[in-house]
Amino acid sequence: MWKEGVVPGVPAEKVTGTVIDVTKTFESGAVYHWWEKDGWYETTVGGGFLRVRDEGDGFVYEAEGVPEEEVVRFLGLGDDLGGVADAVEGDPVAEEAFRRQYGLRVPRDDPFASVVSFIASAQSRNERTRGVVRGLCEKHGETRDGWAAHTFPSPEEVASLGEERLRELGFGYRGPYIVETARSIADGDVCPGGLRTAPYTEAHDELKRLKGVGDKVADCVLLFSLGFIGVVALDTWLRRIIDEHYPGLVGGTYEETARAFRDRFGGYGGYVQTALYHEARVGDLGM
DNA sequence: CGCCAGGCCTTAC
DNA sequence: GTAAGGCATGGC
């Protein structure tokens, strides 16, 4: 059983109910529209501007137009890391990833930004996707004096940009998908932000109505934007990890394997997946 | 040059 | 429902 203040390999003073490793959280690839400036990680939340950085054993933030409860929600600070610790107990691979990536949070990005970003992420490297999304924001979003961050353009704005413009910005063959999806959301045909309280399967299927959104992208949006922290997004990295470390889960359909992995971690599968992903990319899982 | 990247869409069984 | 092929673009 996990005890407050006890995480192997982590200094006791770093273990609190609201601990966060800001660097890990932003670098983990859950959010694509952020700017690093003077040691801060800047982004926009609900039209307001936010910057966060690690400091000492905790973190600090500055915000313009973002209420504190929105900062807490965006950063996932209400999520119970003790629950995650309990969930990974007895699973050496997940335990190690959780310990090494301790403080990595699952954020709640803006739903439209998340949908577009993850459509753009298909068959593209994380760093490249981030650059393309950032370019979209810098060319068509808004900023303020003293900030590097730019807002994510609205669904109506993105829809009006058109395929050619998106292709110029580097979205490649995903441009048409993004235009159609932005149009669907602008018209209210699909409302991602309204799915936060829906049952998982219903929300997943609803997101898949959007062009360019399949099983994996839908799960990423549910996890990194809509607060479904138990959801596992089965990407190439997690598939590789499963092939290597979870032989019993290999060979099923997307739905079967994702559900089997999810069910191992009692409602915290998304936290486990995020830690494993970041660990595989920057850590030492031998990938 | 070929292969791969936080997959998805269309088409053909 | 399942399997193949195509797909923009850049890094290696």
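Labels below follow one simple rule: chain letters A, B, ... track the order of the sequence lines, proteins then strands, and each chain is numbered from 1.
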Quiz item: To the nearest angstrom, how far is A:Y254 atom OH from B:dG6 atom C1'?
Solution: 10 Å
Quiz item: A:V217 near the nucleic acid: base, sugar-phosphate alone, or nothing, with a heavy-atom cut-off under 4.0 Å?
Solution: sugar-phosphate
Quiz item: Do A:V250 and A:I242 come within less than 4.5 Å of each other through their side chains, counting heavy atoms only?
Solution: yes
Quiz item: Would a hydrophobic clustering, with Ile, Leu, Val, Met, Phe, Trp and Tyr connected at side-chain separations under 4.5 Å, put A:F98 with A:F261?
Solution: yes
Quiz item: Does NZ or CZ of A:R262 fall inside the cone over A:Y200's six-membered ring, less than 6.0 Å from its centre and within 45° of the axis?
Solution: yes
Practice problem: Let me know the distance between NZ of A:K216 and P of B:dG6, rounded to the nearest Å. | Solution: 9 Å
Self-check item: Distance, rounded to the nearest Å, where A:L238 contributes CG and B:dG7 contributes P
Solution: 11 Å
Quiz prompt | Interatomic distance where CD belongs to A:Q273 and P belongs to B:dG6 [whole Å] | solution = 13 Å
Atom pairs, protein N/O to nucleotides 10-13 of chain B N/O, distance under 3.5 Å:
unit_1	atom_1	unit_2	atom_2	d
B:dT10	OP1	A:K211	NZ	3.1

Quiz item: Rounded to whole angstrom units, what separation is found between the CD1 atom of A:I119 and the C1' atom of B:dG7?
Solution: 11 Å
Quiz item: Does a side-chain N-to-carboxylate-O contact under 4.0 Å join A:R130 and A:E127?
Solution: no
Practice problem: Look at all strands and tell whether A:Y32 reaches a base, only sugar-phosphate, or nothing, counting heavy atoms closer than 4.0 Å. | Solution: base
Quiz item: So, A:E62 and A:W40: side-chain donor and acceptor under 3.5 Å apart, yes or no?
Solution: no
Quiz item: Rounded to the nearest Å, what distance is computed from the CZ atom of residue A:F224 to the P atom of nucleotide B:dG6?
Solution: 13 Å
Quiz prompt | Residues within residues 164-184 of chain A bordering DNA chain B, heavy-atom distance below 4.0 Å | solution = A:Y173, A:Y177
Quiz item: Under 4.0 angstrom, heavy atoms only, what part of the nucleic acid is A:A218 near: base, sugar-phosphate, or nothing?
Solution: nothing
Quiz item: With a centroid cutoff of 5.5 Å and a plane-angle limit of 30°, would you call A:W237 stacked on B:dG6?
Solution: no
Self-check item: Audit row: A:R209, A:E206, salt bridge (Lys or Arg N to Asp or Glu O under 4.0 Å) steps and yes/no
Solution: CA-CA 5 Å; A:R209 293 180 53 216; A:E206 182 67 8; 2.8 Å; yes
Quiz item: Would you say A:Q123 reaches B:dG7's phosphate, i.e. side-chain N/O to OP1/OP2 under 4.0 Å?
Solution: yes
Exercise. Could you tell me the separation between the NE2 atom of A:H204 and the C1' atom of B:dG7, rounded to a whole number of Å?
Key: 13 Å
Quiz item: Contact class for A:T253 (heavy atom, under 4.0 Å): base, sugar-phosphate, or nothing?
Solution: sugar-phosphate
Quiz item: Should we say atom CD of A:E68 is surrounded by more than 12 heavy atoms from elsewhere, each under 6.0 Å from it?
Solution: no
Practice problem: Scan A:F59, A:W35, A:Y41 and name whichever one has a ring pair (Phe, Tyr, Trp, His ring centres under 6.0 Å) with A:F26. | Solution: A:Y41
Exercise. Consider only side-chain N and O atoms of A:Y277 and A:D235, and report whether a donor and an acceptor are under 3.5 Å apart.
Key: no
Quiz item: Cation-pi between A:R134 and A:W34: NZ/CZ under 6.0 Å from ring centre and within 45° of the ring axis?
Solution: yes
Quiz prompt | Pairwise P distance for B:dG6 and C:dG5, with rounding to whole Å | solution = 24 Å
Practice problem: Can you tell me the distance, in whole Å, between the CZ atom of A:F261 and the P atom of B:dG6? | Solution: 18 Å
Quiz item: Judged by modelled atom types alone, do A:T23 and A:D54 share a side-chain donor-acceptor pair under 3.5 Å?
Solution: yes
Quiz item: Parallel, tilted or perpendicular: which describes the rings of A:F118 and A:Y32, with under 30° parallel and over 60° perpendicular?
Solution: perpendicular
Quiz item: Given that A:T274 and A:G212 both sit by DNA chain B, which one's nearest nucleotide is further toward the 5' end?
Solution: A:T274
Practice problem: Name the first nucleotide and the last nucleotide along DNA chain C (5' to 3') that come under 4.0 Å of a heavy atom in chain A. | Solution: C:dT2 to C:dG11
